[in-house]
Structures are given as C-alpha cells and as structure tokens.
Protein chains: 2
Amino acid sequence: MDLPAARRRRSSGRVTLNDVAREAGVSPITASRALRGERGVGADLVARVQEAVRRLGYVPDPAARALASSRSTQVAVLVPMLSNTLFVDLLEAVHRTLFPAGYQSLIGVTHYDPDEEEMLLRSYLAHRPAGLLVTGFDRTEASRQLILASGLPCVHLMETTEAPGVYCVGFSQTEAGAAITEHLLSRGRRRIAFVAAQLDPRTMQRADGYRRALRQAGCYDARLELLSPDRSSLALGAQLFEELLATRRDIDAVFFCNDDLAQGGLLAAHRLGIEVPARVAVAGFNDLDGSDQMLPPLTTVHTPRFEVGEAGARMLLQLMRSDTPVPSSVRLPYRVVVRQSS
Amino acid sequence: MDLPAARRRRSSGRVTLNDVAREAGVSPITASRALRGERGVGADLVARVQEAVRRLGYVPDPAARALASSRSTQVAVLVPMLSNTLFVDLLEAVHRTLFPAGYQSLIGVTHYDPDEEEMLLRSYLAHRPAGLLVTGFDRTEASRQLILASGLPCVHLMETTEAPGVYCVGFSQTEAGAAITEHLLSRGRRRIAFVAAQLDPRTMQRADGYRRALRQAGCYDARLELLSPDRSSLALGAQLFEELLATRRDIDAVFFCNDDLAQGGLLAAHRLGIEVPARVAVAGFNDLDGSDQMLPPLTTVHTPRFEVGEAGARMLLQLMRSDTPVPSSVRLPYRVVVRQSS
DNA sequence: CTGAAAGCGCTTACAG
DNA sequence: CTGAAAGCGCTTACAG
C-alpha cells in the first residue's frame, strides 16, 4: 500500500459507476447507459446493473455527470417574489413535476428586478442547468442573450406569446383583468377604480384589460387609477384604499391588482365604516389564501398557477428530452370567482 | 484539423482555467489558487490572473470544481413549508447572506414530513453541497446519520439546544409561548384556550410554554386545548375558532399558535358578532403580514426569522471556512407585540 | 511561493 | 447491442 499510485489516491470511498460495472460484470459505459435508460441495452444487462446498484447502494455523482455531459439535473427556476404566495404555489407544482423525473429546482428570486435576474441567470447558468423556467418575458437584453446563447431549453411562465420558437405556459393577464372589470360593470358599477402596486409587467397587463373593458363601456376615467410602485401588502392595500376614498369620492367599485391589496382594502373599509359592496364593490386578483374568509368574502380571479407550474414543467421535461412540445404556447383558463364583495 | 486528437475534442468553446493561466503567463494551479484567494500567492500574480479573468470573461465551472474538490458552492436549505411566510423570510435572509459569499441556496421543502426530508437529504447530499441548513431537530434517525456521515457543516435553525457539537440559531419557542400566555394572564384572562394546527415540534413547544404559564397561574385546563393536525390557514383558524366558541363557552382568551389561524379567528369573531377583546382576547404567533391590519389589530409574538436566517447563514459560512463558531448555540430575542386584540 | 502529474467520476465519440 | 480510450475542467498531493 505504499506504492506511489496508492499514495496519490484521493478516493473518497465512494461507490462509483466502475464498482457497479464490475459487480454487474459489464463495462462502465454499459452501466452508464443502463442507468440513464438509454435504449439499446439488453434487458438482462439492465436488470443486472440495477441489481448491482441496489446491492452497492450506488448514488450517481451529479458533478461528474455534469462535467462529462455538460448538463446537470438541476433546473433553474426564476420567480419574482415568494412573499406573493402565487409563486409559492407555482414552485410547488414545478417541484412536484420535476422531482419525480429526476430534476432538482434551483430557485432564484429576482425581487422583480431585471438586473437581479440577470445576475442570478449568470450564476445559475454556470451550473450547467438542464433547463430554465422563467417568469414572463420582461428582462434585460443581456438576459435574453444569455438564455439564447446557453442553448438551453427554456419555458416562460405566467404569460403567453405566439412568437415562434418561444415556449410558454400562462394565461392572458389582460383578458383576466378585463373579465373581472366586466363583472363589476355587469353589477351596474360605473365608477370603477383600479389600484395596483409593484407595477410589474403582469400587473400592467391587468391594467390594460381594465382600461379596455371600461373604454368599451364608455366608463374609462384615468383619474380612477391609483398606481404605486411599492411592494404589495395588506398594509399598502389599506393605505391606498383610504387614499382612494379620500380623493375620488364618487367611485362605486375598486379592482385591486392582487388579493393582498384587496384584503387590506376590505379591512380599511371596515375601519372607515364604508359598506362593501353597498357603497363600494371590491374585487381582487389571484384568489389567495384568506380571500374567501374576508368580510365580506372577496370577489376575485382564480388564476391557474398550479396548472401553469405543472404544464410548464412538463413542457420543459419534453424539451429536455429533445421532444418538441406542441403547441409551444399554452394558454390556461382563469376563473372569475364571484363572492359577496361585489 | 483532421488529426485523431482533434476529432475527439468535445470542447464547448468554453473559456477554461487553462486559458486564463496562459493569458496570465502562470500555471493553472497558480491561477486556481489566485482565484480562490488562497494565500501564499504573490500579489502581482494574483493581479495578473484577475486581469486575465476579466479580459477573457472567465466563469469557473462549478461542476469541475465540485468533482475535483468534492465540494460545491451550493448550500442545501431545508424548510418545512413556504406557505408559512415565516420561512419565506428565513430563506430571504439566508440567500442575502450566502449569495454575496459565493454560495447558492438549494431550497428543499419538506412539507413537515420527516420521510420527505430524508428523501430530499439523500438527493441533495449527492450534489456534494458545501453545507447544510436544516429546520429544527426533529428528523428520522436515518437523516441524522446521513448528515453525520456526510461530514458536512450543518446549522440547525429556529430551535436551540445546548448539546455539544450541535450548531444552532433560533429562539425558545417554549418561552415565547409562555410569554404571550403570560401577557394574556396579565390582562386578567383566566380561561385561555390554545388553538393549534400542523402540530409540528415547534408548535408543540409553544404549547408547552402555554401549559407551563397556565399551570403556574393555576389556570391550566386541558379541555381548553384545540389541536388539529391539518395544514394551517385562515380558513382553518376560522373553523377552529367557531368550534371553540361552540364547545367551550366560558373561554375569555385564545392563543393561536400561528398568525394565519389567528387572523382567521378574528374574522370568524366578526362574523359571529363576538367582540374582541371585550368578550374574548385573541393572540397569535409570528407577526405575519396583515396582522397589524386586522380588526382589531392582532397581538402576537414577533419572531426573529430574518435574524435567525442571517445569523445561521453566517455561522455556516464560518464552519465552511473551517472556523469554529463561538458560541455554537445562539438564542435570539423574540418580542411580544401588544395590539388591540388583547 | 510556484508547478508537473494525476485524479475526481462520469459520458461522448468512435469502432465493431 | 457493447466496449476501450479519451476527455470534461477543475484541485489535491507531492515536490522543490
């Protein structure tokens, strides 16, 4: 054991593919192919390899695999913010779909900042992920180039486009915004305010839907929009609702761009003694936890984030297998949930 | 270019450490050392290497690094559930501390299931993380062994122990549970109910604190505990509150083990026309988003999850540098936040 | 303080 | 359908 070769060993005692191959009486290449389910390997050999794996307790080394194949089993998933529970649900669905297929989610939170997204992208791309899941289409030109140059399969979540070669799963934020506005119109409301925070692209698409619906009804009034770049929260919703009521006294409805704001607005209405929906109807967006518990229960749009996460992950799985998903753009249904606040 | 050697090339065109070394006129080993800030490299050489890195746009390959050093720059972080925004805050603080130091968080969600934690641990350990951040101490024996056998630095979050060799940052869930109960006692309440969901270890520690405080005051009554193994949510809080009021009519206060339950309870009280705090005082735990907006604003315990995340990540950073953190167990302060619900 | 050699544990590309 | 050789891009261990 004092041979130079032995002294140079750095072996960690880890069970390697070589050990498995020897145990199964095949070559390492065959063992590798058998493990990865590459077809063209005899069924008997596959069985022998799997048995050897079980007996030895072999665990493949992702680092070695990534180095040799220049592709890991990690999928980078970029979302704006976890305090918006919408994205927690999305991640949950992504994880449930990807993990059983052998992929880990490498979660990145961009805080709605394109520059931060670009930085995360650089960092994660170095890890040779097997694929990319990103939120929406709004990013820096450099980010776009990074994604393109990586040549990695990439699926865009939450929004859709028909641009060729772009894979995406989402729903129409604009139409959903219009739908909830039309619901308020159908209740006889005419002075419908729009209150938004964060002002990210999807929020502004909802704003577009709101505007379109009101213009169509001949009720649009730009002064009824209250937009704040601050982070969305119940407290901000309450504050904006108060501000709205103090400055636009004739409104008869409010569409909040997210349920947390709407919940805050509803609580503020209580505090101010403003009757909902008698005096003002209130609607939210996303159908988050607690909205059905509010007083009165909140009318909102139930968005298919679980479905988006699952379908998006499935599409990515196809791309990673070099299959071509058809269609490349999937638009999922949302649902207006009418409760007592409108 | 038709030499056998050339035909076998798989080069991805990637800029490698070799390129950097050549550009800087040093050996790859020296370049490697200079990049990792290993001391014992001449300052002039370090500068030349860094200049070459900049010029070539070199990005180190984490897979190759992990394979060669059997250590990656990823830190596995295991939390129970992201729908409890407590853990979103924790992760945020962890990421803010680890990322600038060159580490990525590999987030794993256990869903409060020790078996799922074990599975995630196996999967993540294969990735040779540089360190481990786990929630609490309650896990399978196999998980414990996996962590031990990995030899990786590991910091436990949210709870503390004085057991030697165990690194942890948290606060006393038991004392915090006792403190909020004592606050209710100090308000003259004597029939104080305890309502809990999920029933994870930390929830049960809060229950212990509740019991201890009430026993000390001679007010403990086991029938005032309402424990549900279901997932915590506003809806469940509302339901449990109704159940409590229907079956324990003489209570004068409720301590909910988490703010989401308490918020649901407060909303249920409104619906039922039960005055808070006149008829029943209500207290929560964690001080989550919206608790200050409730009607009335919720009395709760503000828990130091940002601080736990940051201090825990810092401690892990020390361990990964092979420093020995002193002390090995850090107990952070919580704060009883008295609002109008009590 | 710097370097030449070997190796980490896989997979790719070629051959048969 | 199976395999021997080379290589992925780093770092470790040894030497000077």
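Predicted model only: the values in this text are computed from it and were never measured. Every chain is numbered from 1 and lettered A, B, ... according to where its sequence line falls, protein lines coming before strand lines. For the numbers below, each heavy atom of this structure counts, side chains included, while hydrogens, waters and symmetry mates do not.
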For the pair made of [atom1] in [X] and [atom2] in [N], what is the distance, rounded to whole Å?
| X | N | atom1 | atom2 | result |
| --- | --- | --- | --- | --- |
| Leu17(B) | dA5(C) | CG | C1' | 16 Å |
| Arg22(B) | dT2(C) | CZ | P | 20 Å |
| Asp19(B) | dC8(D) | CG | C1' | 14 Å |
| Glu38(B) | dC10(D) | CD | P | 16 Å |
| Leu56(A) | dG9(C) | CG | C1' | 15 Å |
| Leu67(A) | dT12(C) | CG | P | 12 Å |

ask   = Does Arg71(B) use its side chain to pair, donor to acceptor, with the backbone of Ala68(B) at less than 3.5 Å?
value =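 Side chain of Arg71(B) to backbone of Ala68(B), a donor-acceptor pair under 3.5 Å: no, none is there.
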query = Closer to the 5' end of DNA chain C via nearest nucleotide, is it Pro60(A) or Leu45(B)?
reply =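 Counting from the 5' end, the first nearest nucleotide belongs to Leu45(B).
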Heavy-atom side-chain proximity of Leu157(B) to Val134(B) below 4.5 angstrom =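 No, side chains not in contact.
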message = Less than 4.5 Å apart, side chain to side chain, heavy atoms only: is that true for Val77(A) and His95(A)?
response =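 When only atoms from C-beta onward are counted, His95(A) and Val77(A) do not touch, as no gap falls below 4.5 Å.
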ask   = Of all of residues 25-37 of chain B, which get a heavy atom below 4.0 angstrom from DNA chain D, listed by number?
value =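 DNA chain D contact set from residues 25-37 of chain B: Ile29(B), Ser32(B), Arg36(B).
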request  = State which residues pass side chain to side chain donor-acceptor pair (under 3.5 Å) with Thr110(B); sequence neighbours excluded, sorted by chain then number.
outcome  =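 In terms of side chain to side chain donor-acceptor pair (under 3.5 Å), with neighbours along the sequence ignored, Thr110(B) is linked to no residue.
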task = Report the residues that fulfil side chain to side chain donor-acceptor pair (under 3.5 Å) with Ser328(B), sequence neighbours left out, ordered by chain and then residue number.
result =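 Scan of Ser328(B) (side chain to side chain donor-acceptor pair (under 3.5 Å), adjacent residues dropped) gives none.
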key: Inter- and intrachain pairs under salt bridge (charged side-chain N to carboxylate O under 4.0 Å, His left out), touching residues 154-168 of chain B, at least two apart   =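 The answer is Glu159(B)-Arg202(B).
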message = Applying salt bridge (charged side-chain N to carboxylate O under 4.0 Å, His left out) as the test, list every pair that has at least one member in residues 92-111 of chain B; sequence neighbours left out.
response =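 Pairs touching residues 92-111 of chain B that pass the test: Glu92(B)-Arg96(B).
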task = Fit a plane to each ring of Phe87(B) and Tyr112(B), take the angle between them on a 0 to 90° scale, and name the class: parallel (under 30°), tilted (30 to 60°) or perpendicular (over 60°).
result =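 Ring orientation of Phe87(B) relative to Tyr112(B): perpendicular.
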key: Dot-bracket notation for DNA chain C, counting Watson-Crick and G-U pairs under 3.5 Å, with | for partners on another strand   = |||.||||||||.|||
